[in-house]
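These notes concern the structure reproduced below.
Order of appearance sets the numbers: ligands from 1, and atoms from 1 within every ligand. The first residue in the sequence is number 1, and the count goes up from there. Please read all numbers here as calculations on a predicted model, not as lab measurements.
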Amino acid sequence: MIYADNAATTKMSKTAIAAMLPYLDEIYGNPSSLYLAGQKAKEALEAARQTVARCIGAEPREILFTSGGSEADNQAIRSAAQFGAAKGKRHIISDTIEHHAVLHTLKKLEGEGFEVTYLPVHENGIVRPQELEAALRDDTCLVTVMTANNEIGTIQPIRELGALCRARGVPFHTDAVQAVGHIPVHVKDDNIDLLSAAAHKFHGPKGVGFLYAKRGVRLQSLIEGGAQERGLRAGTENVGGIVAMAAALEEAVGTMEENAKKLAALRDRLIAGISEIPHSALNGDAAKRLPGNVSFCFEGIEGESLLLLLDDKGICASSGSACTSGSLDPSHVLLAIGRVHDVAHGSLRLTLGEDATEAQTDEIIAAVKDVVAHLRSFSPVWRDLCAGKGKFIL
Ligand SMILES: Cc1ncc(COP(=O)(O)O)c(C=O)c1O
């Protein structure tokens with residue numbers, strides 16, 4: 001099997017598994033318990049907080065452990081909205097290619113009387129800082145723009161966007177779920193006030209993540225109950241998961257430079273090979289994209305069929321985000337970069353992992369070429385296009 005869907009989730013690293021095991025076995029105490037077994041768990045939790053903080057340039061007290069990226073996104077956005085509203089500020093700025101954890105939260109807030117401006121991302125999938133600057137208002141209580149996109153891999157100019165927000169005193173949140181552990185993220189240098197991350201995207205376990213909130217940026221709890229996480233996230237902590245997340249992140253950050261270099265070379269090899277397919281196009285900026293991300297649209301095919309046939313050849317890929325696979329709606333991200341519905345349906349996302357090889361890349365290229373040609377051979381849409389009935393878009 002060739003696993004090329006690392007944006008959906010990653011395999012846990014050996015280091016993360018080894019770090020986790022003692023907390024599933026001998027050190028199983030509740031961190032809130034006062035006896036030694038509980039305190040050992042508490043110590044592990046605080047050590048993990050220090051590690052996570054160090055990896056993103058934060059202070060330990062600025063890290064709040066959550067169940068993953070979605071919870072962190074919800075909490076960051078809801079908190080900024082609530083504290084903004086208390087000051088009469090009900091305007092939020094975001095963009096059109098955010099993950100649904102952000103977009104659906106914003107939709108709910110719109111129903112509660114907030115106004116949201118969605119910045120365009122243009123054909124290359126990138127927000128323009130001057131457009132953020134023009135959209136900022138005196139009643140803006142939050143700007144939320146993702147660090148890197150989960151479908152097309154584009155990397156936003158976070159530092160510049162953050163600086164614009166800081167100059168206006170507006171909290172800046174970034175969903176860095178796809179970025180942390182893959183590209184450098186430094187909350188202080190990058191002018192970030194709130195940041196969301198999820199362990200399973202950087203070889204940690206599923207169901208655990210964190211929210212960074214700059215000291216002085218207030219949070220509200222989404223879950224009522226005990227006083228864990230300074231009263232900001234009730235519930236007994238996922239000690240093993242948190243310890244494993246910290247180990248995975250430390251490892252990912254330590255090997256990032258070398259891995260990114262290798263992955264970018266394999267990514268570009270894949271892009272060059274797949275580009276040879278006629279009437280295909282790369283989605284998103286060719287340079288400002290995650291090291292392992294390849295996203296294409298092909299004319300005259302159905303993305304779902306493409307995935308099934310690739311699966312038959314032992315290749316795990318995706319047509320968009322894992323969350324939208326299975327839905328008939330074309331990806332909002334592909335529509336936002338200007339792909340028309342038919343073309344957006346024929347999409348393919350390949351996201352490489354650190355253990356990918358050149359031989360695997362070549363195998364993927366051959367398989368994609370083969371499957372696209374096969375699907376086109378009996379596609380009525382393709383036949384019509386070739387017969388001159390209708391125009392090729394790509
Ligand atoms: C950009 C982005 N944000 C948020 C999430 C949600 O993270 P989680 O599945 O950990 O809740 C994902 C997961 O796919 C993502 O890619």
Side-chain angles (χ1 to χ4, degrees), residues 3-12 16 52 56 63-78 94-108 121 125-127 144-156 158 173-183 185 192 194-212 222-223 233 235 238 241-242 244-246 248-249 252 283-284 289-295 316-327 331-334 336-337 347 349-353:
Y3 184 75
D5 202 13
N6 285 274
T9 198
T10 59
K11 180 178 171 177
M12 270 184 80
V52 168
I56 61 162
I63 302 296
L64 186 77
F65 294 125
T66 67
S67 65
S70 301
E71 185 186 329
D73 283 341
N74 274 258
Q75 188 165 9
I77 294 169
R78 284 239 160 238
S94 188
D95 63 85
T96 48
I97 63 167
E98 291 294 310
H99 188 271
H100 284 137
V102 169
L103 288 180
H104 290 175
T105 306
L106 294 176
K107 269 280 159 287
K108 281 230 164 145
V121 294
I126 295 183
V127 168
T144 173
V145 174
M146 70 202 318
T147 307
N149 184 265
N150 45 304
E151 293 188 36
I152 58 173
T154 47
I155 299 171
Q156 303 297 340
I158 291 304
H173 167 249
T174 188
D175 173 339
V177 168
Q178 293 288 340
V180 167
H182 298 279
I183 57 171
V185 173
I192 297 166
L194 293 153
L195 173 143
S196 311
H200 72 110
K201 308 292 188 181
F202 50 79
H203 304 284
K206 294 166 186 55
V208 57
F210 66 89
L211 171 58
Y212 154 81
L222 294 180
I223 304 168
R233 208 271 178 181
N238 174 3
I242 291 167
M245 168 166 70
L249 183 56
N283 297 314
R289 68 188 305 129
L290 288 170
N293 177 289
V294 173
S295 167
C316 307
S318 158
S319 60
S321 65
C323 331
T324 45
S325 291
S327 131
S331 137
H332 66 283
V333 176
L334 298 177
I337 59 166
S347 65
R349 178 186 75 179
L350 298 158
T351 43
L352 302 172

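- Nearest heavy-atom pair, A8 versus Y3, reported as atom, atom and distance to 0.1 Å: CB-OH, 4.4 Å.
- Contacts between S70 and ligand 1 below 4.0 angstrom, taking non-hydrogen atoms only, involve backbone and side chain alike.
- Across the listed options E71, H100, Q178, H200, Q178 owns the non-hydrogen atom lying nearest to atom 16 (O) of ligand 1.
- G284 approaches R289 most closely through the heavy-atom pair O-NH1, 3.3 Å.
- Using a 3.5 Å distance cut-off with no hydrogens or angles, the side chains of H173 and S196 do pair a donor with an acceptor.
- With sequence neighbours excluded, the residues that form a side chain to side chain contact (heavy atoms under 4.5 Å, CB included) with A246 are A48, T51, V52.
- Considering backbone and side-chain N/O atoms, G68 never comes within less than 3.5 Å of an N/O atom of ligand 1.
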**Request:** Decide yes or no on side chain to side chain contact (heavy atoms under 4.5 Å, CB included) for V121 and I126, but give the supporting numbers first.
**Result:** CA-CA 5 Å; V121 294; I126 295 183; 5.8 Å; no
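- Only one option out of T105, L194, D175 pairs with I77 in a side chain to side chain contact (heavy atoms under 4.5 Å, CB included); it is T105.
- Looking at N149 against ligand 1, nothing comes within 4.0 Å, counting heavy atoms.
- Considering backbone and side-chain atoms together, K201 places an N or O closer than 3.5 Å to an N or O of ligand 1.
- The heavy atom nearest to atom 12 (C) of ligand 1, considering only H99, M146, E98, K206, is found in H99.
- Of all atoms in ligand 1, listed by their number and element, those nearer than 4.0 Å to a heavy atom of A198 are 10 (O).
- Ligand 1 places these atoms under 4.0 Å from at least one heavy atom of D73: 3 (N), 4 (C).
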